[in-house]
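Because only heavy atoms are used, hydrogens play no part in the values below, and waters and symmetry mates are left out as well, while side chains stay in. These numbers come from a predicted model, not from an experiment.
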Amino acid sequence: MAAMVSPVLWCALLCCLYSVALGGKEHNFVVVPASSFEPEAACSTSVTSELPNRASVPLAHRHGPCVPSGASGKPSLAERLRRDRARANYIIRKASARTKTLSAGDASVPTFLGDSVDSLEYVVTLGIGTPPVQQTVLIDTGSDLSWVQCAPCNSAQCYPQKDPLFDPSKSSTFAPIPCSTDACKALSADSYDNGCTNATDGGASLCGYAIEYGNHAVTTGVYSTETLTLNAGVSVSNFSFGCGSNQHGPYDKFDGLLGLGGAPESLVSQTSSVYGGTFSYCLPPTSGSAGFLTLGAPRNSTADFLFTPMRHLSPELATFYVVTLTGISVGGTALDIPPAVFSKGMIIDSGTVITGLPKTAYAALRTAFQSAMSQYPLLPPSENGLDTCYNFTGNSSVTVPKVALTFSGGTTVDLSVPSGVLVEGCLAFRGESSDGSSGIIGNVNQRTLELLYDSGRGSVGFRSGAC
């Protein structure tokens with residue numbers, strides 16, 4: 001009769017075999033339930049860590065159950081990645097000073113994002129006006145001018161949204177900006193101006209703004225100031241934003257956009273006198289959990305953060321936040337990538353999904369990752385543009401290698417496993433066509449990390465396990 005093996009002994013035997021198979025590097029791999037790759041149907045009640053003395057608001061995925069007024073119907077991965085590729089292509093073109101202008105009817109306004117605001121994925125809920133009206137807006141580190149739809153606005157002029165439209169006539173703190181002011185003239189420098197509108201206030205013509213996205217979605221209206229309420233105890237007075245009176249194109253049911261870039265029109269720049277040009281966010285590991293967006297840095301200590309130098313591409317391209325990647329490791333082994341491959345820098349972008357690496361760097365990462373995952377069937381490359389996707393059917397658990405990014409100054413950041421490495425079973429990286437352009441660090445790699453952007457000190461900090 002065969003001898004019975006106790007569950008404890010059996011587990012120990014499996015762990016031993018696992019360690020031998022990995023050459024003693026089992027701490028560089030993570031075993032996760034196969035259910036980790038399935039979408040969550042309900043919002044998790046887990047709350048982010050305490051953030052004393054900072055202006056913080058909850059943050060969630062726009063298509064997840066944590067957004068009360070979320071958009072209906074999550075796009076397929078292929079559609080999300082189509083939009084993502086278009087956005088990434090635009091950002092790279094802009095970083096290389098190869099932008100173009102699109103024509104929209106009788107007005108010529110700039111192409112600002114690669115595909116559309118539909119490529120953005122994370123939202124926060126804020127209050128605008130006095131009394132505050134709740135608005136759920138997309139966040140974007142790749143743009144600066146914030147806007148919401150404003151009443152009166154009929155179905156021919158605005159797309160439907162689930163929250164009530166903001167009505168400036170019902171707010172005691174709303175003020176349109178006259179066309180003759182320096183604030184209006186400053187829009188020209190960042191290509192947001194739309195001249196003087198036909199509307200007037202006390203006889204003075206009002207300042208117009210316009211943004212056109214790459215798929216011809218357009219928002220235009222009056223550049224204005226208003227009180228922005230972040231939470232019950234924190235508000236921003238005289239916040240400059242676009243009060244949109246004409247939006248057309250393939251928009252979803254969100255209420256507007258919150259620009260977190262580095263140019264003067266952004267929320268970050270407008271609040272720099274209070275928060276020092278510093279903000280952070282944590283993107284949650286799944287669409288069914290919550291993260292946060294915060295203005296200001298921790299007042300007591302940043303000991304839990306790992307920092308690397310940050311810069312902007314140029315004074316004319318202050319929107320984007322750029323860091324220098326120096327190396328990548330898979331399963332604890334550093335990849336052999338010449339440092340010169342990363343010389344153009346990496347743009348950190350909250351709106352791009354998949355990280356785009358220089359061609360040589362991606363080739364090395366793909367080879368190492370596929371080798372470490374060789375026990376799982378590799379799916380053929382598909383139309384979604386990702387070439388390292390796996391079939392985990394029949395597996396109760398999946399063993400995934402840790403992936404770490406090393407930045408200038410020696411800062412090494414371990415990506416969350418699996419949420420920061422894989423998206424729907426696919427490696428969340430792609431290769432660019434060459435090594436001669438900037439790369440982009442997408443939002444999948446950023447999940448569960450608190451990213452602290454400190455423009456005043458010229459650095460980005462990473463805190464693991466923040467949400």
Novice: Say you draw a straight line from CG of L283 to OG of S289; how long is it, rounded to the nearest 0.5 Å?
Specialist: 10.0 Å

Novice: State, yes or no, whether a side-chain contact exists between T229 and I128 at a heavy-atom distance under 4.5 Å.
Specialist: no

Novice: Please give me the minimum heavy-atom distance between G208 and L187, naming the atom from each residue.
Specialist: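 That would be O-CD1, 4.0 Å.
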
Novice: Using the ring pair (Phe, Tyr, Trp, His ring centres under 6.0 Å) criterion, which residues pair with F429? Sequence neighbours excluded.
Specialist: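 Once residues adjacent in sequence are excluded, F429 has no partner under the ring pair (Phe, Tyr, Trp, His ring centres under 6.0 Å) criterion.
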
Novice: May I have the step-by-step check of disulfide (SG to SG under 2.5 Å) for C196 and C207, ending in yes or no?
Specialist: CA-CA 5 Å; C196 300; C207 181; over 6 Å; no

Novice: Could you list the residues that satisfy salt bridge (Lys or Arg N to Asp or Glu O under 4.0 Å) with D435, not counting sequence neighbours?
Specialist: none

Novice: Just one of I177, T219, V222, T197 clears the side chain to side chain contact (heavy atoms under 4.5 Å, CB included) bar with Y209, so which one?
Specialist: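 Of all the options given, the one that passes is T219.
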
Novice: Is there a side-chain contact between F254 and L120 (heavy atoms, below 4.5 Å)?
Specialist: no

Novice: Determine the minimum heavy-atom distance between F29 and A372, stating which atoms define it.
Specialist: CE2-CB, 4.0 Å

Novice: Taking only distance into account, with no hydrogens and no angle test, what donor-acceptor pairs under 3.5 Å do side-chain atoms of residues 230-246 form with protein atoms, sequence neighbours excluded?
Specialist:
unit_1	atom_1	unit_2	atom_2	d
N231	OD1	G233	N	3.0
N231	OD1	V234	N	3.0
N231	ND2	S56	O	3.0

Novice: Counting distance only, does the side-chain N/O of S269 pair as donor-acceptor with the main-chain N or O of S266 below 3.5 Å?
Specialist: no

Novice: Would you say the SG of C179 sits less than 2.5 Å from the SG of C184?
Specialist: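 Cysteines C179 and C184 do not qualify as a disulfide pair, their SG atoms being 2.5 Å or more apart.
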
Novice: Given side chains that start at C-beta, do those of K185 and S180 come closer than 4.5 Å, heavy atoms only?
Specialist: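 Not in contact.
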
Novice: Would the distance check show the side chain of H312 and the main-chain N or O of A318 forming a donor-acceptor pair, the cut-off being under 3.5 Å?
Specialist: yes

Novice: Who passes side chain to side chain contact (heavy atoms under 4.5 Å, CB included) against S419, sequence neighbours left out?
Specialist: P285, S416, R447, T448

Novice: Could you give the distance from CG (L165) to SG (C150), rounded to the nearest 0.5 Å?
Specialist: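 Those atoms lie 8.0 Å apart.
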
Novice: Sequence neighbours excluded, which residues qualify as ring pair (Phe, Tyr, Trp, His ring centres under 6.0 Å) partners of F320?
Specialist: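 With neighbours one apart ignored, the set is empty.
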
Novice: If I compare all heavy atoms of V444 with all of L422, which pair ends up nearest, and what's the gap?
Specialist: CG1-O, 4.3 Å

Novice: Report the C-alpha separation of V322 and M346 in whole Å, then their side-chain angles, then the decisive distance to 0.1 Å, and conclude whether the side-chain contact (heavy atoms from CB on, under 4.5 Å) test is met.
Specialist: CA-CA 5 Å; V322 183; M346 299 288 292; 5.9 Å; no

Novice: Could you state the interatomic distance from CG (D84) to CD1 (I354), rounded to the nearest 0.5 Å?
Specialist: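 Rounded to the nearest 0.5 Å, the CG-CD1 separation comes to 6.0 Å.
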
Novice: Applying ring pair (Phe, Tyr, Trp, His ring centres under 6.0 Å), which residue pairs with at least one partner in residues 432-467 are found, sequence neighbours left out?
Specialist: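 Qualifying pairs: F279-Y453, Y281-Y453, Y321-Y453, F407-F462.
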
Novice: Return the NZ to OG1 distance between K344 and T324, rounded to the nearest 0.5 Å.
Specialist: 12.0 Å

Novice: Run the numbers on E432 and R85 for salt bridge (Lys or Arg N to Asp or Glu O under 4.0 Å), then give the verdict.
Specialist: CA-CA 10 Å; E432 301 299 347; R85 178 73 274 183; 3.1 Å; yes

Novice: Side-chain polar contacts of residues 257-265 - donor-acceptor pairs under 3.5 angstrom, sequence neighbours left out - could you list them?
Specialist:
none

Novice: Just by distance, no angles: are the side chains of S350 and N443 close enough, under 3.5 Å, to form a donor-acceptor pair?
Specialist: no

Novice: Let me see the working for I347 and V323 under side-chain contact (heavy atoms from CB on, under 4.5 Å), right down to the final yes or no.
Specialist: CA-CA 6 Å; I347 296 168; V323 294; over 6 Å; no

Novice: Going through the distances and angles, do T125 and Q134 end up as a side chain to side chain donor-acceptor pair (under 3.5 Å)?
Specialist: CA-CA 7 Å; T125 299; Q134 177 177 293; 5.1 Å; no

Novice: Regarding T326 and T406, do their side chains bring together a donor and an acceptor under 3.5 Å, going by distance alone?
Specialist: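 There is no such pair (donor and acceptor under 3.5 Å, judged by atom type) between the side chains of T326 and T406.
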
Novice: For R311, check salt bridge (Lys or Arg N to Asp or Glu O under 4.0 Å) against everything at least two apart and list the hits.
Specialist: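 Here no residue qualifies.
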
Novice: State whether a side-chain donor-acceptor pair under 3.5 Å links T308 with S408.
Specialist: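 Indeed, the side chains of T308 and S408 share at least one donor-acceptor pair under 3.5 Å.
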
Novice: State which residues pass side-chain hydrogen bond (donor to acceptor under 3.5 Å, both in side chains) with N445; sequence neighbours excluded, sorted by chain then number.
Specialist: T355

Novice: With sequence neighbours left out, what residues match S329 under side chain to side chain contact (heavy atoms under 4.5 Å, CB included)?
Specialist: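 Partners of S329 by the side chain to side chain contact (heavy atoms under 4.5 Å, CB included) criterion, ordered by chain and then number, come out as A404.
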
Novice: What's the separation between atom CG in D414 and atom CG in L405, rounded to the nearest 0.5 Å?
Specialist: 9.0 Å

Novice: At their closest point, which heavy atom of T136 faces which heavy atom of D255, and how far apart are they?
Specialist: N-OD2, 2.6 Å

Novice: With heavy-atom distances below 4.5 Å as the criterion, would you say the side chains of Q135 and F166 are in contact?
Specialist: yes

Novice: Should we count CZ of R457 as having more than 12 external heavy atoms under 6.0 Å?
Specialist: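 No - once you tally the heavy atoms of other residues, nucleotides and ligands closer than 6.0 Å, there are 12 at most.
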
Novice: With S272, which residues qualify under side chain to side chain contact (heavy atoms under 4.5 Å, CB included), at least two apart?
Specialist: none

Novice: List the atom of F305, the atom of P298, and the distance in Å for their closest heavy-atom pair.
Specialist: CE1-CG, 4.0 Å

Novice: Identify the two heavy atoms, one from I441 and one from Q446, that lie closest to each other, and give their separation to 0.1 Å.
Specialist: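 The answer is O-NE2, 3.2 Å.
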
Novice: Can you tell me if the gamma sulfurs of C43 and C66 sit closer than 2.5 Å?
Specialist: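 With an SG-SG separation under 2.5 Å, C66 and C43 do form a disulfide.
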
Novice: For the residue pair T319 / D144, report whether a side-chain donor-acceptor contact shorter than 3.5 Å exists.
Specialist: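 There is such a pair between these side chains.
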
Novice: Do F369 and Y362 have their ring centres less than 6.0 Å from each other?
Specialist: no

Novice: Between W147 and V137, is the side-chain contact (heavy atoms from CB on, under 4.5 Å) condition met? List the steps.
Specialist: CA-CA 9 Å; W147 59 271; V137 295; over 6 Å; no

Novice: Output all residues satisfying side chain to side chain contact (heavy atoms under 4.5 Å, CB included) with S280, sequence neighbours left out; order by chain, then residue number.
Specialist: R54, F292, T294, E450, L452

Novice: Roughly how far apart are L335 CG and T367 OG1, rounded to 0.5 Å?
Specialist: 9.0 Å

Novice: As a quick check of understanding, evaluate ring pair (Phe, Tyr, Trp, His ring centres under 6.0 Å) for F37 and Y390, giving each step before the final call.
Specialist: CA-CA 11 Å; F37 304 99; Y390 294 92; 9.7 Å; no

Novice: Any sub-3.5 Å donor-acceptor pair from S434's side-chain atoms to G436's backbone N or O?
Specialist: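 Such a contact is found between S434 side chain and G436 backbone.
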
Novice: Report yes if some heavy atom in the side chain of V400 is under 4.5 Å from a heavy atom in the side chain of V32; otherwise report no.
Specialist: yes

Novice: Salt bridge (Lys or Arg N to Asp or Glu O under 4.0 Å) with E121: which of R87, R62, R80?
Specialist: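 Testing each of R87, R62, R80 against E121, the sole residue satisfying salt bridge (Lys or Arg N to Asp or Glu O under 4.0 Å) is R80.
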
Novice: Please step through side-chain contact (heavy atoms from CB on, under 4.5 Å) for the pair I328 and L357, ending with a clear verdict.
Specialist: CA-CA 11 Å; I328 304 173; L357 291 174; 3.8 Å; yes

